[in-house]
Structures are given as C-alpha cells and as structure tokens.
Amino acid sequence: MTAYTKGSGATWVGRSIRRLEDPALVTGRGRFTGDLAAAHWVRFVRSPVASGRIGSIKAPPGAWIVTAGDLAGVKPIRPMLHKFAYRPVAQPILAEGVVRFVGEPLAAVIAASREEAEDVADQVIADISATAAVIDCRAALETTAPPIHAQAPGNVVVEGIVKTPGFDDAWNGAYQVVALETRSRRQNATPLEPRAGHAAFDATTGRVTLTCATQMPHLTRTAIADILGMPENQLRVIAPDVGGGFGQKMSLAPEYVLLVWLARRHKSSFAWTEDRRENLIAAFHARDQYISLQGAFDAHAKIIALKADIVTNVGAYSCYPTTCGVEPLMAMAELPGPYDVRHYECRARGVLTNTCTMAPYRGVSRPVITFALERLMDKAAKRFDLDPVEIRRRNLIDAFPYRTATGLEYDQASYRQTLEMAATLVDLPAFRARQKQARAQNRHLGVGFAAFCERTGYGSPAFAARGMDITPGWETAVVSVDPSGFVEARVGTSPHGQGLRTTLAQIIADEIGVSPDKVSIVHGDTDRAPYGWGTFASRSLVIGGGATLAAARKVRAKLVRIASHMLEAAPEDILLGDGEARVAGTDRSLPIAVLAREAYTQTHRFKGEIDPGLAEQGTYDPPGTFSNACHAAVVEVDIETGRVKLERFIVAEDAGRLINPMIADGQVHGGVAQGIGNALFEEIVYDETGNILTSTLADYLPPTAREIPPIELQHLETASPNSLTQAKGLGEGGAIGAPAAVINALNDALAPFGVEINEMPATPQRIRALLRNAGVPS
Amino acid sequence: MKPAPFIRHVPSTIAEAVAMLAEVAPQDGRILAGGQSLVPIMAFRLAKPAHLVDINEIAGLEKVTCDGRTLFIRACARHAAFHRPVVDNPLGALLATVAKHIAHYPIRLRGTFCGSLAHADPASEWCLVAATLDATIMAKSIRGERLIAANEFFAGIMSTALREDELLVETRLPLLARDARFGFNEFSRRAGDFAMSAALVVYRLHDGKITEARVGVGGAEANPRRLAEAEAVLEGQTPAAPLFRAAAEAAAAAIDPLEDHQIDAEYRRDLVRAVVRRALESSVRVTHPC
Ligand SMILES: Cc1cc2nc3c(=O)[nH]c(=O)nc-3n(C[C@H](O)[C@H](O)[C@H](O)COP(=O)(O)OP(=O)(O)OC[C@H]3O[C@@H](n4cnc5c(N)ncnc54)[C@H](O)[C@@H]3O)c2cc1C
C-alpha cells in the first residue's frame, strides 16, 4: 500500500499516512528564510554587560550603523495585561540609554554580506558604564535590589493571588502536610533553525515583505505595523519553512521590527540570520522558577488542599503578545493538575532581572508545576508508605466534566486509565524485585511516574481571562475546490514542523471525498491565508483543525447540492468518496472534479439556487480541552559519578482522536526528548555579574539520540465534546510529563541514601554533591 | 559566527609549509590541519589568524607507519585512521579503544591526532595517550628539526612547547610489550562530549604482579600527565579490587583539580577516582586482541 491509498472502508483520519511535507524537507528542497538573497546583511551589536548606562557607541569610519537615536517615532514593544497587578515595561527596538541584559541589541550594522557585517560589528566600540546587576529572581525581590525598570520598583511586574473559600479550615484539618522546595533552572528552546528575518521593499507596490522564522505571521504583521505606525496592508509577513520554534518563535523579535524599518526607509532588502550564540543568549529563555509547594492530606492520603508560592524570573522585558504573565499565571491556574484538590492557595509572581527575556517554551510552566506536584505526590506516598501508583490512584480525578479549584472545566478524559496503563507497562512488583537485586550489587535503579493533564486548544475566553490586551484563540480556514478538482485550504495557523500539512489534508479528505495528496494547505503568508493566530499552546489541530473541518463541511454540503442537481437525486442519497459523488444504491456517479468545474463554468444551470464557485470559510473558537497522560521513567544512577542513565521511558497518553497516529507519536517523542533534556542536561548559566556561561552548544547540552531511550507509547482516544474534530492537543505533553517522571525515578534510585533532589536539571555534579555530603564514596 | 578574513596558503611539501609558516607566523599565521578545533574558534572569533597554512595537500602526511619499535603518526593522520588497530601490537588495540571516545564520527574523519596534540585541550584523549605512553613529538621549522618529550611538550591549557613557526610533523609512540595490558575510561555528560575526566592505564604482569605501571589522567588538570603516586601503589602488587581502589584514591589525591562553573574540585576528584578505578578494572576484564 502506498502512503496515499486509503484501503477499503477506512477514513483518512486515524491513519498513519506519511507526512506530505517531508519529501521536500528531506531532500534539501525546503525553503527557509536564510535561503533568501538580500542586498544588505544586518549584524546586531549586543550588550556585553548585564546592566549599565550607554555612553557612546562608535563605529569604524565608513561603517553603516543604526542605533536607538536613529529610530525616532518607532514605538517600543510594550505588551499589556489588564489584570494581576501587571506593570507594563517597554522594550526599545535598540537599547536606549541603558542596557538590561547581556545580549540586548545595542546597534545594528549593515554590510553587503554576513561576513562583512560581522567584521564591522567586531570593530564597534560601545562605551557602557556597568551598574549593579540582579540575576536571581529571589535576589531581585530583596528591598535593596536595584529596579530593572524605573517604573517597576521592587521588580515584581505581575502577581496573581488565589485562595479558595474555606481554605484555612481545610488546611487546619489536615492529617499530614508535605512540603517541598523546587528549583527549575533556566532553559532555551534551541530550535534547529535559529531566528531569521528578511525584509524586502517592493518598488511597484511600496509594500514591504518580511519573511521570517515565526510561529505567528499575522500577529507579527499587526505588531510591527503598530510599532512603526504603518498600515497593515503595507506589510506582508511570510513564514516559509520554519525549522522548529517550540514557543521561542511566537514572541515578537525586536530584530524583525528593525529589518522592516530598514527596508521601508532605505527601499531595499535586509537580512539577518541569528547565529547559535545569539540564539542562546538573546532569543528568549524559559522556566527559571522557584516553587514552594505544600500539600495537606487526610488520613487516607487523599489530598485536600494545596498551597504554593511561585516566583518566576521573567528576565529584563515582557514578551509580546503573551506578556511575562505567561509563566506565573499559567503556573497558578494549572498547578493542581489532574488531582481532585478542592482547596487551593497560591501566590505567583513574575520578577524582572538583568537576564534574557522569558518567553513561552513548549509546555510553558507546566513542565515545572508538574515536576513540583509530582515530587509532592511521591514524597507524600513515602510518608504514607504507599507506592507511587496507589497514591495517584487515590487522588486522580475520575468523573467528568470536573470544575477545578481555579475554575477551569476539565472535559472527558482518562486520568486513572492512563495511570494504570503506565503502571502495567512498568510492572511495579517485578521492578521492585529487580531493584532490590540490583541494589545488592551496588547498582541503583529507580522508577518514577508523572501524571498530568494539559489544557490545549483553548479559545479567546481563556486568554481574555488572563486580561490580555490581545486575546488570540479562534482560527479561520478557507477551503476551496478549484475547477480541476484540487482542494486548497488556506489556514491561519502556521505550522513549523508539526505535520499540519498532512493532518489538515486528512480531515478535509474525509469530508470532500478526495485523497489527501489532492489537498494543498496554504499557511504562513498574510497575503494568502486568512487572519489567524499561528501555532502555539497545542492549539493548531484542535482549533485550526476545527475551523478547517467546519469549512470543509460547508464545501461538502455544496458539493452534495451540486451533485444532487446534476445526478438528479435527493441530497440525502448522495455519497462523496474516492474522488466521486455517487447516488446511493445505484451505479450513477460523477467525479468531484466534474462537480467542481460545473460550480465555476456552468453556474447558469443552477438557476440561482446555488451560488457560483466552491470556496467556504469556517471559524472555530472552542472552550478548550484537556488532554492527559501518565509518563514513567526507569533510570539507573551511577552513584560514583552522578550519571543518570535512562533505561525505559513509557508514555500512556490520551489526546482524544488521533488524526495521524504516526505524527502524534512524533510529537510525543520530540517532547519527551526535550523533557529529558530539561530533567538532566539543559541549563543556561549566568555568573553573578550576568555574564552568560553557556553560549555555545558545547556548554548548553540538549540530549542527543544516544541519551534518549526508546519510548514505549500507548494511546487512549477519549472523545471530547470540546473539540470539533474530537482531537485534543498533544504538541506539548511530551515535554510536560518527562521531567517529573525522570526526577521522580532518580529520587527513587537515591532513596537508600536518604538524599533527595528537587532541582532541574539534576546534573551529575549536583547528584554527586548530594551523595558526597551523605558520605557516599565515589 | 563567521570568521574574520584570512588568507589560506596551500603548500605541497613540508619544506614549503615551514617556509610559509615562518613568513606568516608573526601575523598570527597558523597551521590548519583537520580544522575541527581551529575553525570553531575562528567562527567564534576567539582566534583571528590572518593566515592559515593548510597542510592537508601535502603528500604522505596522512600516514601512520611502524618500524617494529615505534609507531610514527604523521601530521595529517585522522582520528578515524585508528578506528581499527593500526599495528599488530597492544598499542593498536589501545588506540582503537580510545579513538571511539573522541567527538562524533564526522569529526573523527577530519580531525587529526597531531592537531589534537598541538591544540592541547586538557581533555583531549590523544594528549592523554601521548602523556601516558611518553610520546616523542617531532617539530620542524626553517631553523631545523627537534624532538620534544611529551612531558615537556604540554605547557598548560591549550599551550605547548611548539614555537609559532614550528610544524608538528609527527608523533612517535613506542610500541607496547606484547603482554601489556591496558584500560581506558572516561566520563562525559553526553556521548561524544569532551571528557570531564579520563584515565588510561598500562602495565605488565610479571609472576602475577604488576610491573611498568603507567597511570595517566586527562581532563582533570591543565594537561594530562602520569601520576607517579598512583603508579607506585600498583607497582609489584597483584591486581585486585582493593588495590585498584587504593590507586584510584592516590590519583584523586595527587591531582591539582581544574575548576569551572560546572565542576568544582571535589567533583573533579570524585571523577578521577572513578575513572582511574574503572580503567584499572577494565584492564583485567578485557583481553585485547593484538
Ligand atoms: C563537537 C566537537 C567535539 C569534539 N570532541 C572532542 C573530544 O571528545 N576529544 C578530543 O580530543 N577532541 C574533540 N574535539 C576536537 C577534535 O578532536 C579536533 O580534531 C582536534 O582537537 C584538533 O585536531 P585538528 O586536526 O582538527 O586541528 P585544527 O583544528 O586544524 O588545529 C587545532 C590547532 O592546532 C594547530 N595545529 C594543528 N595541526 C598542527 C601541526 N601539525 N603543527 C602545528 N600546529 C598544528 C592549529 O594551528 C590550531 O591552533 C571535538 C571537536 C568538536 C567540533
């Protein structure tokens, strides 16, 4: 069977057809931003100090340099939240007067090639008088800490507080309180393709086309038009092939604003491709958080209340459009996770520091809150002398819909079932026996579980609840059939590796009755695709897929009417499939291509009963749906060196209906790999002066294929009423559960030594330090 | 991450190469061998040599030869040349064991043994081999040729006794005794990363007792070196777990640990203890085909 044949009776949805986007990508025919030629190349001169006042910036004679002083009339990036004591802070496109982190763009130099631009940038001398820098967010909270922005003394720029009614009584009635301090170190999403932009002026139309590696082309257009004060129709934004983003490419890069400004002003083309060092120091960081978590349990190990204090380091500025509220507020809203917790108290703060700005990264805060909560469950299990499966069994939510303590509504799901599936795969009794044997030989195995649920595919009300000035949420798709019978869907989502070209085609194929290879998907071009929000928050297949399905259904309805007209049969008797319309119970049929041609070229025959053409629009703005999973890791810890080796990694997950199981597996695999990186390897390190020590991939360590074990993956498919396609989001889940599972497994292995690690990444040196302090020899 | 401008010179003989080097050395002119260390540093602009003398086109320079007593590794012999034993002697097996720990496959196809020595990264496996086996390094310039002993060659982190106008023409390694045993172990965060500590041990057994013990440690100090303290523990003793532990302890105590933001002194000692002991343990477990 080839990738494109359907087989008998099956739908296209649910089948692992090969990705339609891959032949071009794997044969070097992808089109990326960096492939475009430009008249001018831009190199950014970046601040070498974390905090300071800019004296002068001197370029060598004859060099073309742009600094803040040249950008009169250009507004700063200043996203807004209307709730949670948010204090807006503004980021100038190029540093103005002061610098606030190492890597902040100070100036842009322009030359005929990338190499020459770098030569010039090398000779630029910036005279900056360094001032005291604050790197750690707890230090930034101290009263003596200097303010990063004058308008935000105290450095707290967003603060959420919740306390459910009756909390204190519930808390005071606890049988046991289990407490935990966790630390998540800073990470970088490290997409394979770093950021890149290319802005070109078109002399004919006077417009500028910005091609860039973005996850949200339309919002990039809106934002840049606002900042530069230009009409949106003067700007076209194209996201061509994009080599991964993981959230890092959903926030507005000041560099792109400058490129458009240059192209407009100088009526030419300007390109910038970020190098890895720039990406590691300046392309947004994530997950630098402290969480103090306490859980109150009753005598049956049932959790009754949770108390959390969350401090997130949001860096020097607030990212656009989500704002720096994205990490603390998500952590606060979703921390209780898949457990039945009726009472909840939480304070979550976003704190400015002299570090690179935080932005969403796959899972945003959820890898961190899941890690904290799942550590708490394991600690509680120990306290109650229960195994990790049993304590979760007693606490997982099992009746849906369920309204959480923070007011979220969980739709139909399988929290308990996925736990049991993972437990069965692990075979806990057999593992414990093996663990015991191994310990006798001084080998240290551990198992760890992580159950979580994940809010995905949420529409505009969810963003409005955060008080965002810009509330993304809905999506639009326009599905059309051309006169030759080929189908085109123009969508507002903007995939960058997720396989939407294939999955959306599968959805459409089932509705319209053609094979997916006859469906093309147009995305990532503000001139061709309808306004949309792009790809982030595990939303594209749920929302963009829903919009696409809605549009395809309308096209289907129209095709049925045309077929009914042409075949002289009742609409109810028309069946669409295998490229044709048939009259049920007869051998009468017409190819869909013939119907389509009729819709354009023979419209007089419809006698005004059917509108000409064959293009329909669908829009979808769902309430949100929660997918869920249980991850389990089996590790071996080398207690002499601190190395953690993953032996097994198990995922039992439920993301509703799987449109393409192979693509779903790929999403989970990639997420788990990043989660393992978070748990054990990846860490952006600043020294106390704010200098970054991990600015190359020799120091910042994403795991390689050799560090990732085979992933054992099982799916459940609980249909959700909150998703038109019945699919839930799964793009982020792999990254959410893996860190907690790995760290729990590590702690299980370390249990005989009486040490505990609640810090990510759990590097060998940290593990070894704990063991050494506990007197374990190397 | 684009290098500063430079001029590349491509000599076809060693004589031409050293003549060019003599000319360009005063302007930070350097030898380009496999480029697997030099090119990244140039891309980061940590080095901005105005001239490169590319030795890759010099005929015969990629050879590894043996005269029955000594292995001669010429300047352009790649890491990958050692994937399989280059000589019917335990040294061949030793080099093959070690080679697999250097970087990743594509890098091993370009990077050179002698380039590693010239670069002198503290964690370089080949530097550890050179130090442990007392290699001799042959350097050449327009002023003539000289031989440098390994223990006089390494002069600190990424620095050597080579003068700026000298080409490292070949490295000479003495063959091992037919009955020599060896063990190698290293610790790194990920497969292919530079070692955070590595150990190479070589010895013979005479009447079941260890003789001619060599214990080399790399990645722990500014340069790899033999640790006489650990060798002394082994000499004349019967291989056994407690002995290996004692030798590892002596090694950990003997080093002057390198520290950085990742690794403090105590952790470095922990790693040295672990790699030395494991290298010794592997020396008894594995029987090496010659
Ligand atoms: C990702 C990555 C991982 C790596 N991991 C490891 C590892 O685990 N272990 C390890 O040992 N190495 C590792 N390396 C480095 C690699 O082994 C290099 O090949 C080696 O360090 C240098 O050899 P080269 O031939 O590439 O030298 P080049 O890069 O060409 O030169 C390095 C330096 O030595 C000088 N030089 C080279 N040859 C001579 C000569 N004949 N005479 C005088 N001067 C000379 C050059 O001028 C330059 O200063 C890694 C490299 C990379 C990129």
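Just so we're on the same page: letters track the sequence lines, and every chain starts at 1.
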Can you tell me which portion of [X] sits under 4.5 Å from chain A's heavy atoms? Options are side chain, backbone, both or neither.
{"X": "B:Arg245", "answer": "neither"}
{"X": "B:Phe44", "answer": "side chain"}
{"X": "B:Pro3", "answer": "backbone"}
{"X": "B:Arg189", "answer": "both"}
{"X": "B:Ala43", "answer": "backbone"}
{"X": "B:Asp193", "answer": "side chain"}

Salt bridge check, B:Lys2 against A:Asp122: does any charged N sit closer than 4.0 Å to a carboxylate O?
no

Of the backbone (N, CA, C, O) and the side chain (C-beta and beyond), which part of [X] lies under 4.5 Å from a heavy atom of chain B, both, or neither?
{"X": "A:Arg43", "result": "side chain"}
{"X": "A:Leu771", "result": "neither"}
{"X": "A:Arg277", "result": "both"}
{"X": "A:Glu707", "result": "side chain"}

More than 12 foreign heavy atoms under 6.0 Å from CG of B:Leu46: is that the case here?
yes

Less than 4.5 Å apart, any side-chain heavy atom of [X] and any of [Y]?
{"X": "A:Pro764", "Y": "B:Tyr267", "answer": "yes"}
{"X": "A:Leu693", "Y": "B:Gln262", "answer": "no"}
{"X": "A:Thr641", "Y": "B:Leu271", "answer": "yes"}

Donor-acceptor pair, B:Arg190 side chain versus A:Pro702 backbone, under 3.5 Å?
yes

With chain B as the partner, which of A:Asp687, A:Asp699, A:Thr694, A:Thr696 has the greatest number of non-hydrogen pairs under 4.5 Å?
A:Thr696

Mind ranking A:Arg643, A:Arg114, A:Glu115 by heavy-atom pairs under 4.5 Å with chain B and telling me who comes out on top?
A:Arg643

Measure the spacing between CD of B:Glu266 and CG of A:Asn773 and express it to the nearest 0.5 Å.
7.5 Å

Nearest heavy-atom neighbours spanning [X] and [Y]:
{"X": "A:Ser778", "Y": "B:Arg273", "value": "OG-NH1, 2.6 Å"}
{"X": "A:Glu640", "Y": "B:Ala274", "value": "CB-CB, 4.4 Å"}
{"X": "A:Gln765", "Y": "B:Met196", "value": "OE1-CE, 4.2 Å"}

